[in-house]
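Side chains are part of it too, since the values below use all heavy atoms of this structure and drop only hydrogens, waters and symmetry mates.
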Amino acid sequence: MAETKTVHSPLVTYFSMLSLLTLCPPFVILLWYTLVHADGSVCQTWDYLKQHGLQGFINIWPRPTAVAWKIIACYAAFEAALQLLLPGEKVEGPISPEGNRPVYKANGVAAYVVTLVTYLSLWWFGIFNPSIVYDNLGEIFSALIFGSLVFCVFLYIKGHLAPSSTDSGSSGNMIIDFYWGLELYPRIGKNFDIKVFTNCRFGMMSWAVLALTYCIKQYEQNGKVADSMLVNTILMLVYVTKFFWWEAGYWNTMDIAHDRAGFYICWGCLVWVPSVYTSPGMYLVNHPVNLGLQLALYILAAGILSIYVNYDCDRQRQEFRRTNGKCLVWGRAPSKIVASYTTTSGQTKISLLLTSGWWGLSRHFHYVPEILAAFFWTVPALFNHFLPYFYVIFLTILLFDRAKRDDDRCRSKYGKYWKLYCEKVRYRIVPGIY
């Protein structure tokens with residue numbers, strides 16, 4: 001088994017893990033409570049907690065119910081079945097540090113379409129009302145918080161006792177191993193990839209399902225859907241559609257190819273994505289805003305443009321890699337740096353670093369339209385309250401941290417070639433600024 005290279009220092013990891021364990025679960029509950037039961041007002045929640053103290057917080061924390069567990073179990077089983085059973089093209093992931101190349105079945109678009117059509121059909125034909133999901137949202141989040149923690153313990157035990165590949169190893173520190181994970185590509189059997197399930201089929205899919213849920217709940221409640229909710233829902237669905245269209249490209253990113261399956265990424269995808277990423281829509285259910293046709297269309301167009309640019313950045317780099325640099329970028333031959341690096345097994349490999357097109361503007365330019373897209377699907381809530389914008393702020397911090405981690409990893413991997421690359425592409429994220 002290979003030794004784990006920690007992403008951050010032990011001190012930072014301890015602090016991060018203690019923060020996630022102690023602050024994130026209660027934050028998820030407080031976010032839900034404030035957006036659904038306190039009119040989105042942080043002050044209102046704060047006054048309640050000041051008045052009632054710890055007991056008040058215990059009172060607002062919903063207990064996981066049988067209904068919540070059933071909803072989660074049915075959804076998880078359905079997504080797992082689609083991941084295993086739907087046909088899809090075989091796609092190879094990048095070669096791992098240990099020289100392994102994971103093989104995936106690319107059926108994300110099919111799973112996405114089947115999920116949304118099934119969900120809408122169950123509602124349309126009166127078999128299941130999505131309002132039930134919204135009405136039990138607190139209980140569902142509470143169950144996910146505890147259930148996902150148990151799942152992460154399972155991943156830790158599996159990583160020690162039955163790793164799926166040689167891309168697994170311990171740092172020698174139990175806390176770091178639990179937090180960052182032991183396995184890079186954990187699987188159940190030969191074909192069921194755990195990270196594809198947690199990140200894509202549970203986490204990202206729940207984003208689309210909950211976006212529709214909020215829209216349907218507002219319709220059931222008011223007999224109509226406000227244009228603000230429509231803009232929010234459409235933009236979120238366009239973004240998630242883009243994600244599944246590009247899912248095979250996602251398997252080459254840091255989340256899958258570099259971050260191991262531990263508490264940090266798996267608990268995040270199972271709990272944080274459904275609760276925090278969908279929060280602007282959660283707020284809009286009880287706070288419909290009438291934007292007017294013109295403003296709604298402007299926001300919609302700006303959001304779709306941002307999502308398209310984000311997609312085109314990833315498409316450009318994927319095409320460059322697929323053709324080994326023999327393609328056109330913005331109508332001309334791409335400029336590049338040919339970088340060599342040595343694998344852990346001592347082999348010398350070559351990588352091409354793209355320095356033109358979107359990737360000539362900054363080293364992580366694709367994060368700019370991603371943050372803008374999040375802003376545009378939140379701005380229909382207008383500016384009465386700060387909390388609906390928490391996701392935009394969180395995403396900005398997350399992506400700036402990810403850009404730094406990616407730069408550090410590339411500096412370590414490519415050495416002098418990375419220095420050359422940074423001289424050519426000077427800015428990390430925002431051209432001309434940062």
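Side-chain contact annotation: Thr213 with Tyr119, donor-acceptor N/O pair under 3.5 Å present. One side chain, Ser131 or Asn129, offers a donor N or O that lies under 3.5 Å from an acceptor on the other. With hydrogens and angles left out, the side-chain atoms of Thr241 and Tyr112 include a donor and acceptor closer than 3.5 Å.
Ring geometry for Phe365 against Trp358 counts as parallel: the plane angle stays under 30°, on a 0 to 90° scale with 60° as the upper cut. Aromatic ring pairs are classed by plane angle as parallel below 30°, tilted from 30° to 60° and perpendicular above 60°; the pair Trp180 and Tyr264 is tilted. By the 30° and 60° cut-offs, the orientation of the rings of Tyr283 relative to His287 is parallel. Using the six-membered ring where Trp is involved, Phe383 and Tyr389 have ring planes that are parallel, under 30° apart on the 30 and 60° scheme. Using bins of under 30°, 30° to 60° and over 60° for the plane-to-plane angle, the ring pair Trp267/Phe263 lands in the parallel bin. Between Trp377 and Trp207, the angle of the ring planes goes over 60°, which puts this pair in the perpendicular group of the 30/60° scheme. The aromatic rings of Tyr414 and Trp418 lie parallel to each other, their planes meeting at an angle below 30°, with 60° marking the opposite boundary.
Open room surrounds CH2 on Trp124; 12 or fewer heavy atoms of other groups in view lie less than 6.0 Å from it. More than 12 non-hydrogen atoms from other residues, nucleotides or ligands lie less than 6.0 angstrom from CZ of Arg101. Within 6.0 Å of atom CD in Glu423, more than 12 heavy atoms from other residues, nucleotides or ligands are found, so the atom counts as buried in its surroundings. No more than 12 heavy atoms of other residues, nucleotides or ligands shown are found within 6.0 angstrom of CE on Met174. Taking a 6.0 Å sphere around CH2 of Trp245, one finds it holds 12 or fewer heavy atoms contributed by other residues, nucleotides or ligands. Other residues, nucleotides and ligands contribute more than 12 heavy atoms inside 6.0 Å of the CZ atom of Phe57. In this structure, Phe192 places its CZ atom where more than 12 heavy-atom neighbours from other residues, nucleotides or ligands lie under 6.0 Å away.
Between Asp255 and Arg402, at least one side-chain N (NZ, or NE/NH1/NH2) sits under 4.0 Å from a carboxylate O, which counts as a salt bridge. Residues Lys105 and Asp193 are not paired through a salt bridge, judged by the lack of any N-O separation under 4.0 Å between the basic side chain and the carboxylate. We find that Lys404 and Asp407 are not joined by a salt bridge, their nearest charged nitrogen and carboxylate oxygen being 4.0 Å or further apart. Contact check on Arg201 versus Glu247 returns a salt bridge, with a Lys/Arg side-chain nitrogen under 4.0 Å from an Asp/Glu carboxylate oxygen. Under 4.0 Å is where a charged nitrogen must lie from a carboxylate oxygen, and between Arg405 and Asp408 no such pair does.
Within the 6.0 Å centre-distance limit, the rings of Trp272 and Phe27 are counted as a close aromatic pair. Taking the six-membered ring where the residue is Trp, the centroids of Tyr367 and Phe400 are separated by 6.0 Å or more.
Counting all heavy atoms, side chain and backbone alike, Ser96 lies closest to Leu184 at CB-CD2, 4.2 Å. Considering all non-hydrogen atoms of both residues, Ser170 and Asp177 come closest at OG-OD2, 2.5 Å. Of all non-hydrogen atoms in Pro102 and Tyr185, the two that sit nearest each other are CG-CZ, 3.5 Å. Pairing each heavy atom of Trp61 with each of Ile145, the nearest pair is CZ2-CD1, 4.0 Å. Here the closest non-hydrogen pair linking Phe320 and Lys336 is CZ-CB, 3.8 Å. In this structure, Ala106 and Val91 approach most closely via the heavy-atom pair CB-CG2, 3.7 Å.
For the pair Arg63 and Phe146, the NZ or CZ position fails the cation-pi test of under 6.0 Å to the six-membered ring centre and within 45 degrees of the ring normal.
For the pair Gln218 (side chain) and Leu284 (backbone), a donor-acceptor distance under 3.5 Å is present.
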*Quick one: do Tyr214 and Asn232 satisfy side chain to side chain donor-acceptor pair (under 3.5 Å)? Show the steps, please.*
CA-CA 10 Å; Tyr214 302 151; Asn232 169 268; over 6 Å; no
*asked:* With side-chain contact (heavy atoms from CB on, under 4.5 Å) as the criterion, how do His364 and His366 come out once you've worked through the C-alpha distance, each side chain's angles and the decisive distance to 0.1 Å?
replied: CA-CA 5 Å; His364 303 277; His366 57 317; 3.9 Å; yes
_salt bridge (Lys or Arg N to Asp or Glu O under 4.0 Å) between Arg260 and Asp167, worked out_ = CA-CA 9 Å; Arg260 294 183 180 222; Asp167 286 295; 5.9 Å; no
*Please assess Val28 against Trp32 for the test side-chain contact (heavy atoms from CB on, under 4.5 Å), listing each intermediate value before the final yes or no.*
CA-CA 6 Å; Val28 165; Trp32 159 78; 5.7 Å; no
*asked:* Show, in sequence, the C-alpha distance, side-chain angles and deciding distance for Leu49 and Tyr33, and conclude whether the side-chain contact (heavy atoms from CB on, under 4.5 Å) test is met.
replied: CA-CA 12 Å; Leu49 292 174; Tyr33 174 81; over 6 Å; no
*Just do the side-chain contact (heavy atoms from CB on, under 4.5 Å) check on Val133 and Phe128 with the steps written out, would you?*
CA-CA 10 Å; Val133 176; Phe128 176 80; 3.8 Å; yes
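Atom OH of Tyr277 is separated from atom OG of Ser206 by 10.5 Å, given to the nearest 0.5 angstrom.
By the 4.5 Å heavy-atom criterion applied to side chains, Val430 and Ser362 are not counted as neighbours.
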